[in-house]
Each structure stands twice: as structure tokens, then as C-alpha cells.
Protein chains: 2
Amino acid sequence: MTERTADRIREELEQSIIGGAFADGERLDEVSLSEQFNVSRTPVREALHALSASGLVEQLPRRGAFVRYPSFRRTIEMFEVMAELEGMCGRLAARRMTDSGIVAIEKAMQGCEAAHLAGDTDQYYRENETFHHLIYAASGNTFLSGEASKLHRRLRPFRRLQLRVRNRMRQSLNEHRDIVEAIRSGDADLTGRLMHDHVAIQGEKFNDLMASYDEARAG
Amino acid sequence: MTERTADRIREELEQSIIGGAFADGERLDEVSLSEQFNVSRTPVREALHALSASGLVEQLPRRGAFVRYPSFRRTIEMFEVMAELEGMCGRLAARRMTDSGIVAIEKAMQGCEAAHLAGDTDQYYRENETFHHLIYAASGNTFLSGEASKLHRRLRPFRRLQLRVRNRMRQSLNEHRDIVEAIRSGDADLTGRLMHDHVAIQGEKFNDLMASYDEARAG
DNA sequence: AATGCATTTCTTGTATACAAGAATATTGAC
DNA sequence: GTCAATATTCTTGTATACAAGAAATGCATT
């Protein structure tokens with residue numbers, strides 16, 4: 001037993017929830033889950049607590065754990081905060097960027113370009129993650145970097161959805177180029193604004209996506 | 001048993017840690033703690049996990065839990081992020097403020113004034129909390145409001161320290177007046193900037209405070 | 001004396017047993 | 001038939017027992 005069972009359960013549950021295996025508000029029964037995973041209730045409980053801390057699950061005392069998909073509104077709110085945090089990261093990063101740092105970021109951007117040329121959304125997705133995390137780290141504020149990473153992770157499933165939107169990959173890439181350019185020029189305010197908008201636009205795209213779903217349902 | 005034991009333990013441990021009962025890096029032994037609190041290891045473990053999630057302790061797999069006081073640098077970093085979040089709250093609040101909202105905020109400010117006149121730092125502290133939370137809520141972004149509240153809570157012990165600094169209460173009050181004025185005028189950018197600086201100055205004061213401690217130790 | 005290895009001890013992680021609150025079913029009154 | 005009170009069942013919360021890594025100790029070897 002090299003890995004903690006609780007962590008594995010947590011991971012698997014998270015994937016299941018994100019993958020939409022449960023209905024919103026569905027109760028997660030400790031006994032059923034422990035039977036399903038062939039473990040005792042203990043690691044399941046720990047996993048549920050962890051998921052509760054990260055916001056995927058809500059726990060009511062002596063009532064149990066319930067999956068809580070963020071509402072449409074809440075998702076928009078989260079993108080709004082993410083935009084602010086990324087803007088801050090960009091602002092600080094432009095101010096504090098080192099030579100080796102900018103090289104790494106440029107390399108990540110080239111990875112994005114390669115993925116775009118190959119038409120590989122999955123690869124683009126991964127390279128894009130690297131790009132963003134490098135900028136978080138370059139902010140020089142480890143607490144900010146950590147918080148940004150946490151929220152980034154939480155928004156992952158929604159962001160992933162968006163690469164499917166027509167031309168989004170190309171547009172995203174252009175935004176990356178502008179951001180790198182701004183960082184290179186050391187313009188903190190511009191970098192912050194560009195990073196902010198780069199994320200805010202994702203919230204808007206998400207909005208569009210939902211609207212088109214609603215339309216499709218109604219039509 | 002009307003309350004969860006684990007929650008009580010969590011609360012008590014949190015108070016102890018914040019109160020400085022443990023050295024930085026000290027290991028929190030599950031067995032010792034359970035004996036100390038006269039409970040089993042189970043609720044102690046849950047409490048430690050919760051504290052780990054909120055950042056007060058660090059858990060290393062199969063090694064145990066260790067108290068982690070934020071370093072000086074990290075504290076400054078946290079204030080930096082707090083300033084950004086509060087600035088965002090202020091910006092949105094100014095834009096979205098309702099009539100009843102502004103009345104509540106003005107009332108909280110009057111509470112601060114009363115506390116200042118009475119020279120009651122504890123009361124000022126409480127009224128100040130209300131003031132800030134009202135602005136968080138007025139942002140209309142419940143996710144932002146929640147995150148701001150969490151970080152606010154985490155920085156509480158450091159903020160409390162600062163009211164002892166000479167004239168800080170008066171200065172803080174003046175800043176509150178400016179903020180309320182800006183909100184009333186509906187100037188989002190100004191409100192955001194004022195809120196940001198209102199918090200950033202706390203980080204600076206904290207910096208000063210630490211510097212004077214170091215000086216006192218050296219002298 | 002110092003280092004490497006084996007053994008022991010200690011602590012965390014998991015399983016299971018028990019306690020108590022919440023939900024549900026049942027029974028009785030109206 | 002409906003509602004309320006009570007009994008039963010079900011589920012979470014806590015305690016304890018057991019398993020398995022990690023640290024500590026002691027011994028042998030160089």
C-alpha cells in the first residue's frame with residue numbers, strides 16, 4: 001500500500017463528479033461508496049471531507065454529503081474572481097520576470113502553437129496549463145500562485161469545454177502572444193489587463209455556451 | 001451530543017495554534033491530542049485534516065501533522081492578495097450598491113466611530129469586521145464574498161495586532177469614511193482603489209511592526 | 001568510532017464495532 | 001382518510017482494533 005486509499009478515493013470521486021456521474025444534489029452514501037470501492041467507510045469519509053473543502057460536495061451535519069455542482073451564476077462568479085487573480089499574477093509577473101522565466105514561458109507558448117498547428121485540443125489544453133502556471137509562479141507571490149492554481153483547477157472542466165468552441169484555440173493563442181509581448185516589455189498594467197481579459201473572455205464564452213444550450217433545449 | 005466533537009476539537013486547536021501554544025513546525029501527535037481532549041483519535045484526525053485544508057497545519061503522508069505558522073513573507077503575500085480581493089469587492093459594490101445596502105454600511109461605520117470615541121479596540125475590531133463583510137456581500141458576487149471572508153478570517157490575528165499601533169484606529173476610520181463616500185458617489189474605480197489601499201496599508205503596518213520587533217530584539 | 005543493516009517500536013492509515021441523531025414506517029385517534 | 005405520536009430502521013459520528021510505513025535502536029562490521 002504505497003498510496004493513501006483516501007486520496008485515491010478522493011481522486012476517483014472527483015473525476016466521477018466532474019464527469020457528471022451524479023445528479024446535482026445527489027446524496028453520497030458512505031456505505032454504498034465504501035462497498036463500491038471495496039474499502040471501509042473511513043477513507044471514504046476522508047475523501048468526502050476533502051471534496052467538501054474544495055467545494056465539490058456540501059456536507060450537512062448528521063445528514064450526509066451532497067454533490068453540489070456550481071450553478072451557472074456561481075461559475076460566472078468564479079471566472080470573475082479567476083480573472084482578477086490572473087490579472088494580478090500578470091501584473092506582478094511583468095514586474096518581476098527573470099530572463100530564465102521568460103524563456104520558459106515562451107517555450108510553453110510555442111508548445112501551444114505546436115498543439116494548435118497539430119489541431120490537438122488535448123495537447124493545447126496541457127500546454128496552456130503550463131503557460132498559466134508559469135505566470136502564476138513568476139508573480140513571485142507563492143500564496144497568490146497557490147490560490148490561483150486551486151481556482152484554476154476547480155474551473156478546469158468548464159475551461160476544457162471551451163476549446164471546442166470554433167476558433168477559440170486560435171484566439172486564445174493570439175492572446176498568449178500579446179501577453180508574452182507585454183511581459184517582455186515589462187509593462188505591468190498592460191500585462192495585468194491582458195491576463196484579466198484573457199480569463200474574463202472565458203467566462204463570457206461559457207455564458208454563450210450555456211445560452212446556446214438553453215436555446216437548443218427550447219428549440 | 002448536539003455538536004460534532006471534531007468541530008469542537010478543530011475550533012480549540014485553531015485557537016491554541018493562533019494563540020501561539022505550539023512552536024512552528026511542532027508535530028501534532030494524534031494520540032497525545034486525543035488523550036488531552038479525552039476523545040478518540042477519529043475526531044482529532046478530522047480536525048487535523050480541516051486545519052490542513054485551511055492552511056494552519058501541514059500534513060505529510062504517514063508522517064503526521066505539523067503546525068505551520070505563515071512566515072513573515074507569506075503573511076505579506078496574503079495581505080497582498082487580500083488587498084486585491086477587497087479592491088475587487090469595493091469596485092463591484094460601488095457599482096451594484098442598493099439603498100438599503102448603503103444604509104447598513106453607514107451604520108457599521110457609525111459603530112466604528114462610536115468604538116473609536118469610546119477607545120474600545122475590541123468593539124472597533126468587531127464593527128470593522130461587519131463593515132468589511134457588508135462590502136463583500138454588496139459586491140453581489142457570493143463566491144468572491146466567500147473567498148474574501150475566508151482570507152479575512154485567516155488574517156484576523158495579524159490584523160488584530162495592528163489596532164494597538166498608535167493612531168491606527170483613527171486612520172482606519174478616516175479611510176472608512178472615504179470608502180463610504182466613494183461608494184455613495186458610485187465611483188467604482190475609486191472605491192476599489194481605496195479598499196485596496198486600506199488593506200495594503202495593513203500589510204505595511206504589519207511590516208513595520210515586525211521591523212520594530214526585530215529592532216527591539218537586536219537592541 | 002563510524003557506518004550499514006536488521007529488529008523493534010512508534011505512529012499513521014484502515015477496518016470494524018458501537019452510539020446517537022435523523023429519516024421512515026407504523027399504529028392509533030379523530 | 002388524515003394527522004400525530006411513537007417505534008423502527010438507517011445513517012452518520014465516535015471509539016477501538018488491526019495493518020503497515022517510518023523512525024529509532026542496537027548490533028555487527030569495517
Side-chain angles (χ1 to χ4, degrees), chain A residues 1-18 21-70 146 150 153, chain B residues 1-18 21-70 150:
Chain A
M1 203 161 294
T2 175
E3 197 196 10
R4 282 184 22 120
T5 313
D7 290 338
R8 182 174 56 84
I9 307 285
R10 180 197 175 284
E11 202 72 30
E12 294 199 28
L13 268 177
E14 182 172 308
Q15 289 306 320
S16 296
I17 293 173
I18 289 176
F22 302 97
D24 182 46
E26 187 171 340
R27 183 159 144 279
L28 296 175
D29 183 65
E30 295 178 2
V31 178
S32 316
L33 289 173
S34 61
E35 283 167 359
Q36 193 176 318
F37 287 112
N38 256 311
V39 296
S40 79
R41 276 176 55 218
T42 310
V44 171
R45 278 179 67 83
E46 290 196 0
L48 290 176
H49 282 124
L51 291 171
S52 170
S54 76
L56 275 170
V57 156
E58 184 183 7
Q59 284 186 312
L60 303 178
R62 296 186 198 280
R63 299 282 306 280
F66 303 83
V67 308
R68 283 278 178 265
Y69 290 108
K150 269 198 287 187
R153 179 180 164 79
Chain B
M1 204 162 295
T2 174
E3 196 196 11
R4 281 182 25 118
T5 314
D7 290 338
R8 183 173 56 84
I9 307 284
R10 180 197 175 285
E11 203 70 29
E12 294 199 28
L13 268 178
E14 182 173 310
Q15 289 305 320
S16 295
I17 293 173
I18 288 176
F22 303 96
D24 183 46
E26 187 171 341
R27 184 157 144 279
L28 296 175
D29 183 64
E30 294 178 1
V31 178
S32 316
L33 289 173
S34 61
E35 283 168 359
Q36 192 177 316
F37 287 111
N38 256 310
V39 297
S40 78
R41 276 176 55 217
T42 310
V44 171
R45 278 179 66 83
E46 290 196 1
L48 290 176
H49 281 123
L51 291 172
S52 170
S54 76
L56 275 170
V57 313
E58 184 183 5
Q59 284 187 311
L60 304 178
R62 296 186 199 278
R63 299 282 306 279
F66 303 83
V67 308
R68 283 279 177 262
Y69 289 108
K150 268 199 287 187

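Bear in mind the structure is a predicted one, so any value in this text is a computation, not a measurement. Letters A, B, ... mirror the listed sequences (proteins, then strands); counts begin at 1.
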Quick one, [X] and [Y] - any side-chain contact, counting heavy atoms below 4.5 Å?
| X | Y | answer |
| --- | --- | --- |
| B:H49 | A:H49 | no |
| A:E11 | A:D7 | no |
| A:L13 | A:F22 | yes |
| A:S54 | A:R153 | no |

Check nucleotides 7-11 of chain D for protein N or O atoms closer than 3.5 Å to its own N or O atoms and list the pairs.
from   : atom 1 : to    : atom 2 : distance (Å)
D:dT11 : O3'    : A:R27 : NH2    : 2.7

- prompt: Which atoms form the tightest heavy-atom contact between A:A6 and A:E46, and what is the distance?
  reply: CB-OE1, 3.6 Å
- prompt: Looking only at heavy atoms, what is the nearest atom pair of B:R27 and B:R63, with distance?
  reply: NE-O, 3.6 Å
- request: Look at B:R45 and C:dG13 and indicate whether a side-chain polar atom (N or O) is within less than 4.0 Å of OP1 or OP2.
  value: yes
- request: Taking only the side-chain nitrogens and oxygens of A:R62, find out if one of them lies under 4.0 Å from OP1 or OP2 of C:dA22.
  value: no
query: Does any N or O in the side chain of A:S16 come within less than 3.5 Å of the main-chain N or O of A:E12, such that one atom is a donor and the other an acceptor?
result: yes
Rounded distance (Å) that lies between atom [atom2] of [N] and atom [atom1] of [X]:
| X | N | atom1 | atom2 | result |
| --- | --- | --- | --- | --- |
| B:E46 | C:dT14 | CD | P | 14 Å |
| A:D7 | C:dT12 | CG | P | 16 Å |
| B:L60 | C:dT12 | CG | C1' | 12 Å |

All N/O pairs under 3.5 Å across the protein-nucleotides 16-18 of chain C interface:
none

query: With sequence neighbours left out, what residues match B:Q36 under side chain to side chain contact (heavy atoms under 4.5 Å, CB included)?
result: B:L33
